[in-house]
Amino acid sequence: MSSTPITKETYLEWYKSMLLMRKFEEKAGQLYGQQKIRGFCHLYIGQEAVMAGTISATRPEDSVITSYRDHAHALAKGMSANECMAELFGKVTGCSKGKGGSMHFFSKEHKMMGGHGIVGGQIPLGAGIAFAEKYLGNDNVNVCFMGDGAVRQGALNETFNMAMLWKLPVIFVCENNGYAMGTSVKRTTNMEDIYKIGLGFDMPSAPVDGMDVVAVHNAMDEAVQRARAGEGPTFLEIRTYRYKGHSMSDPAKYRTKEELEEYKGRDPLLSTKAAILENKYADEAWFAEVEAGVKKVVEDSVKFAEESPYPDPSAIYEDIYVQEDYPFVMD
């Protein structure tokens, strides 16, 4: 049973949040095609229910850390579309001052502890953040996201062991979208139920329907309750699907059109809208108003990004850790 009630307001917020993620990503894909966004760009389209359900079951003080598919995580945590779009453009007004780009969104204020380009690199970092929260004596939790490819990293096993040993307040989430880049889960493991990896560490673990925002909320809420109570980590395999390729350079020819259409039929935006209408939480006029508002937010973010300056070349020497008295380097 969820300790965080699912109300009319919850459903309306879910829809608004997921729509912003969707429209921001669609615009990012369009701008990438126009070469206004360069470098790497990994879109989240189809996976929005994972973040919407996570945010409704957590608090603003709870931190999130993830991989390079991080735009939606940043938006869901409250970062502005302006600072996110500006970062994609490499502008100084971006959330990482234009130096991180698509894969490295970060906000100390919003407890978005970064997108990380090294596959699986965020897993021990998430446990480290949880260790810090426990050390400080608060009941904040960290939600550590990874893809199905990252669970093959040895660091996961080391981290799971320590997290259970020290009962760290961390929720490990595998966003299993079926493919590690272009390689299906079926080709990378003999055990396709990824959540069972956690069972070897006596870690509470479960599969979750990632196309159902209610299922995500309830699973996350239970895991959060355990973490806050000092009972340690949880591993959730949230089974979702990305409608686009691994990145903008991926034509996704390794899957069938039938498979893609099957998942589009379970689109979390459509099912959430249907539930709102069925329960008479809102009418079509409300949806039209929300869609117009989100469209303006995204359009404004593009204008903001285009009008923002690039970092000065001298900024390459800023934000770099230097120990002035480091004793082991001699001229």
Side-chain polar contacts of residues 115-123 - donor-acceptor pairs under 3.5 angstrom, sequence neighbours left out - could you list them?
residue, atom, partner, partner atom, Å
His116, NE2, Met113, O, 3.2
Gln122, NE2, Phe145, O, 2.8

Measure the shortest side-chain to side-chain distance between [X] and [Y] over non-hydrogen atoms and say whether it is less than 4.5 angstrom.
{"X": "Pro268", "Y": "Met18", "value": "yes"}
{"X": "Leu19", "Y": "Phe287", "value": "no"}
{"X": "Arg69", "Y": "Arg242", "value": "yes"}
{"X": "Glu192", "Y": "Asp148", "value": "no"}
{"X": "Leu31", "Y": "Met85", "value": "yes"}
{"X": "His246", "Y": "Tyr179", "value": "no"}

Q. With Lys23, which residues qualify under salt bridge (Lys or Arg N to Asp or Glu O under 4.0 Å), at least two apart?
A.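 Lys23: salt bridge (Lys or Arg N to Asp or Glu O under 4.0 Å) contacts with Glu26.
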
Show which side-chain atoms of residues 290-298 pair as donor or acceptor with protein atoms under 3.5 Å away, not counting sequence neighbours.
residue, atom, partner, partner atom, Å
Glu291, OE2, Tyr15, OH, 3.2
Lys296, NZ, Asp300, OD2, 2.7

For [X] versus [Y], what's the shortest heavy-atom pair and its separation?
{"X": "Ala57", "Y": "Asp221", "result": "CB-N, 3.7 Å"}
{"X": "Val208", "Y": "Ala219", "result": "CG2-CB, 3.6 Å"}
{"X": "Cys84", "Y": "Leu75", "result": "SG-CD2, 4.1 Å"}

Report whether [X] and [Y] are members of the same hydrophobic cluster (ILVMFWY, side-chain heavy atoms less than 4.5 Å apart, transitive linking).
{"X": "Phe304", "Y": "Phe24", "result": "no"}
{"X": "Ile238", "Y": "Leu199", "result": "no"}
{"X": "Met181", "Y": "Leu260", "result": "no"}
{"X": "Met146", "Y": "Met220", "result": "no"}
{"X": "Leu269", "Y": "Trp286", "result": "yes"}

Quick check: are there more than 12 heavy atoms from other residues, nucleotides or ligands sitting under 6.0 Å from [atom1] of [X]?
{"X": "Asp325", "atom1": "CG", "result": "yes"}
{"X": "Glu289", "atom1": "CD", "result": "no"}
{"X": "Lys91", "atom1": "NZ", "result": "yes"}

Look only at the side chain of [X] and the backbone of [Y], and say whether a donor-acceptor pair between them is shorter than 3.5 Å.
{"X": "Ser96", "Y": "Lys99", "answer": "no"}
{"X": "Glu175", "Y": "Gly147", "answer": "no"}
{"X": "Arg228", "Y": "Asp139", "answer": "yes"}
{"X": "Thr93", "Y": "Ala86", "answer": "no"}
{"X": "Arg239", "Y": "Asn177", "answer": "no"}
{"X": "Ser17", "Y": "Glu13", "answer": "no"}
{"X": "Ser205", "Y": "Met203", "answer": "yes"}
{"X": "Asp70", "Y": "Phe105", "answer": "yes"}

How far does [atom1] of [X] sit from [atom2] of [Y], to the nearest 0.5 angstrom?
{"X": "Asn140", "Y": "Ile129", "atom1": "CG", "atom2": "CD1", "answer": "11.5 Å"}
{"X": "Ser308", "Y": "Phe89", "atom1": "OG", "atom2": "CZ", "answer": "9.5 Å"}
{"X": "Thr10", "Y": "Ile55", "atom1": "OG1", "atom2": "CD1", "answer": "13.0 Å"}
{"X": "Phe40", "Y": "Tyr32", "atom1": "CZ", "atom2": "OH", "answer": "8.0 Å"}
{"X": "Lys27", "Y": "Ser301", "atom1": "NZ", "atom2": "OG", "answer": "8.5 Å"}
{"X": "Lys196", "Y": "Phe235", "atom1": "NZ", "atom2": "CZ", "answer": "13.0 Å"}

Q: Output, in order, the C-alpha distance, side-chain angles, deciding distance and verdict of side chain to side chain donor-acceptor pair (under 3.5 Å) for Ser102 and His42.
A: CA-CA 8 Å; Ser102 171; His42 305 82; 4.8 Å; no

Q: Quick one: do Trp14 and Ser56 satisfy side-chain contact (heavy atoms from CB on, under 4.5 Å)? Show the steps, please.
A: CA-CA 8 Å; Trp14 278 341; Ser56 60; 3.0 Å; yes

Q. Where does the angle between the aromatic ring planes of Phe131 and Tyr135 fall among parallel (under 30°), tilted (30 to 60°) and perpendicular (over 60°)?
A.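 Because their plane-to-plane angle is under 30°, the rings of Phe131 and Tyr135 count as parallel.
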
Listed once per pair and sorted, the salt bridge (Lys or Arg N to Asp or Glu O under 4.0 Å) pairs that draw on [range], sequence neighbours left out:
{"range": "residues 31-49", "answer": "Arg22-Glu48, Lys36-Glu306"}
{"range": "residues 206-217", "answer": "Asp209-Arg266"}
{"range": "residues 103-116", "answer": "Lys111-Glu133"}

Q. Got a sec, which hydrophobics cluster with Tyr317, joining ILVMFWY side chains under 4.5 Å apart, including via others?
A.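 Its cluster mates, by chain and number, are Ile316.
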
Q.
With no hydrogens and no angle check, just 3.5 Å: does a side-chain donor-acceptor pair link Asn218 and Glu222?
A. no

Q | Short side-chain donor-acceptor distance under 3.5 Å, Glu259 and Tyr241 | A |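 Tyr241 vs Glu259: donor-acceptor pair found between side chains.
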
**Q.** Under-4.0 Å salt bridge between Glu307 and Lys303
**A.**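 Looking at Lys303 together with Glu307, the answer is yes, because their closest N to O distance falls below 4.0 Å.
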
(Q) Taking Asp267 first and then Lys273, would you say they form a salt bridge - that is, a charged N and a carboxylate O separated by under 4.0 Å? (A) no

**Q.** side-chain contact (heavy atoms from CB on, under 4.5 Å) evaluation trace for Met79 with Cys95
**A.** CA-CA 8 Å; Met79 293 171 63; Cys95 57; 3.4 Å; yes

Suppose we screen for side-chain contact (heavy atoms from CB on, under 4.5 Å). Which residues come up paired with [X], at least two apart in sequence or across chains?
{"X": "Ser249", "answer": "Ser247"}
{"X": "Asn279", "answer": "Ala275, Tyr281"}
{"X": "Val92", "answer": "Pro309, Pro311"}

Q) With Glu61, which residues qualify under side chain to side chain donor-acceptor pair (under 3.5 Å), at least two apart? A) Arg59

Q) Do Leu236 and Tyr195 pass the side-chain contact (heavy atoms from CB on, under 4.5 Å) test, and can you show the C-alpha distance, the side-chain angles, and the key distance before you say yes or no? A) CA-CA 6 Å; Leu236 300 176; Tyr195 73 93; over 6 Å; no

Q: Would you please test Ile197 and Met191 for side-chain contact (heavy atoms from CB on, under 4.5 Å) and show each step?
A: CA-CA 9 Å; Ile197 293 172; Met191 184 179 67; 3.9 Å; yes

List the atom pairs, donor and acceptor, that lie under 3.5 Å between side-chain atoms in residues 150-174 and the rest of the protein, sequence neighbours left out.
residue, atom, partner, partner atom, Å
Thr159, OG1, Ala155, O, 2.7
Lys167, NZ, Met164, O, 2.8

